[in-house]
Amino acid sequence: MERKALYAGSFDPLTNGHLNIIERAAGIYDSLTVAIVVNPQKTGFFTVEERVEIAREVTKDIPNVHIDKFSGLLADYVNDNGFAAVFRGLRATTDFENELQMAQMNARLFKGDTETIFLMTDPKYSFISSSLIKEVASLGGDVEGLVHPYVAERIRDKLNK
Ligand code: COA
């Protein structure tokens, strides 16, 4: 039976920190779904469709990665799709409390025995967040090496519009 895992988030935009987690998680499971969470209350920098497009482009060389989107509870999406695991990246101890809380709540809501698996973020990327990338880029700072070149190009295009 195929062992499927999930990595979900806003990915607005997807950073090299995310990409590093995606590559490692995809190496552990038969398939990895990267799902963009649709939050109707939040207008993002990129639309959900743009984020899906970007995620597809930057993961196109990892054959067992699939891109999707969902709205509502992560646990419902997991229960509907039978994921064996949900991956989360931990950047620093400050991420831990919130992640523990979410993992424990999700564990109650999962119908099967889905595990939440934490991967330590590569120290090269431990200080990055999507907001920081947007802030630095919008003020003319260099984000090279922190996002995929295609992401950097899409950010530039968006800022120039
Ligand atoms: N490298 C770089 N940045 C990272 C990172 C990594 N490895 N891991 C996280 N980040 C950044 C993200 O870019 C994000 O930055 P931002 O706040 O500036 O946008 C920040 O850290 C938080 O990331 P994350 O915790 O993954 O938040 P998220 O909004 O991307 O995803 C969900 C959180 C979607 C998983 C969670 O809100 C959820 O499950 N939502 C669905 C509703 C639900 O089920 N709620 C109940 C949960 S118990």
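Numbering of ligands and ligand atoms starts at 1, following listing order.
The closest protein non-hydrogen atom to atom 12 (C) of ligand 1 is His18 NE2, 3.6 Å. The protein non-hydrogen atom at the shortest distance from atom 37 (O) of ligand 1 is Met102 SD, 4.4 Å. Looking from atom 28 (P) of ligand 1 to the surrounding protein, the closest heavy atom is Ser10 OG, 3.4 Å. Nearest protein heavy-atom neighbour of atom 32 (C) of ligand 1: Arg88 NH1, 4.4 Å. Here the heavy atom of the protein found nearest to atom 31 (O) of ligand 1 is Gly9 CA, 3.6 Å. Protein heavy atom at the shortest distance from atom 13 (O) of ligand 1 is Ser130 OG, 2.6 Å. Looking from atom 18 (O) of ligand 1 to the surrounding protein, the closest heavy atom is Ser131 OG, 2.3 Å. The shortest contact between atom 2 (C) of ligand 1 and any protein heavy atom is with Thr15 OG1, 3.3 Å.
Taking a cut-off of under 4.0 Å to the non-hydrogen atoms of Ser129, the atoms of ligand 1 that pass are 15 (O), 18 (O). For ligand 1, the atoms sitting less than 4.0 Å from at least one non-hydrogen atom of Gly72 are 41 (C), 42 (C), numbered in the order shown with element in parentheses. With ligand atoms numbered from 1 in the order given, ligand 1 contributes 48 (S) to contacts under 4.0 Å with heavy atoms of Met105. Per-residue contacts place Val37 under 4.0 angstrom from the following atoms of ligand 1 (heavy atoms of the residue considered): 34 (C). Atoms of ligand 1 lying under 4.0 Å from any heavy atom of Ile21, numbered from 1 in the order shown and given with element: 7 (N). Against a heavy-atom cut-off of under 4.0 Å, Glu99 is close to the following atoms of ligand 1: 25 (O).
Between the side chain of Asp30 and the backbone N or O of Glu2, no donor-acceptor pair lies under 3.5 Å. Under a 3.5 Å cut-off, the side chain of Arg88 and the backbone N or O of Thr116 do not form any donor-acceptor pair. In this structure, the side chain of Thr114 does not engage the main chain of Ala85 through any donor-acceptor pair within 3.5 Å. Remark: side-chain polar atoms of Asn64 are paired, donor with acceptor, to backbone N or O of Ala26 under 3.5 angstrom.
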Stepwise ring pair (Phe, Tyr, Trp, His ring centres under 6.0 Å) test for Phe11 and Phe46: CA-CA 9 Å; Phe11 304 123; Phe46 287 112; over 10 Å; no
Verdict with reasoning, Arg24 to Asn20, per side chain to side chain donor-acceptor pair (under 3.5 Å): CA-CA 6 Å; Arg24 290 158 63 198; Asn20 175 260; 2.8 Å; yes
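For the pair Ile128 and ligand 1, the shortest N or O to N or O distance falls below 3.5 Å.
Between the CD1 atom of Ile62 and the CG atom of Leu19 there is a distance of 6.0 Å, given to the nearest 0.5 Å. Asn81 CG to Lys4 NZ: the interatomic distance, rounded to the nearest 0.5 Å, is 5.5 Å. One finds the CG atom of Asn16 at 12.0 Å from the OG1 atom of Thr121 (value rounded to the nearest 0.5 Å).
Aromatic ring centres of Phe83 and Tyr77: separated by under 6.0 Å.
For atom 35 (C) of ligand 1, the nearest protein heavy atom lies closer than 4.0 Å. The presence of a protein heavy atom under 4.0 Å from atom 23 (O) of ligand 1 is ruled out.
With Ser138 as the fixed residue, the side-chain contact (heavy atoms from CB on, under 4.5 Å) test singles out one of Ile155, Leu159, Ile133: Leu159.
Here Glu57 pairs with Lys60 in a salt bridge; the nearest charged N to carboxylate O distance falls below 4.0 Å.
Here Arg91 has side-chain heavy atoms under 4.0 Å from ligand 1, and that is the only part of it that gets that close. At a heavy-atom cutoff of 4.0 Å, ligand 1 is contacted by both the backbone and the side chain of Leu74.
Leu73 counts as a contact of ligand 1, since one of its heavy atoms falls under 4.0 Å from the ligand.
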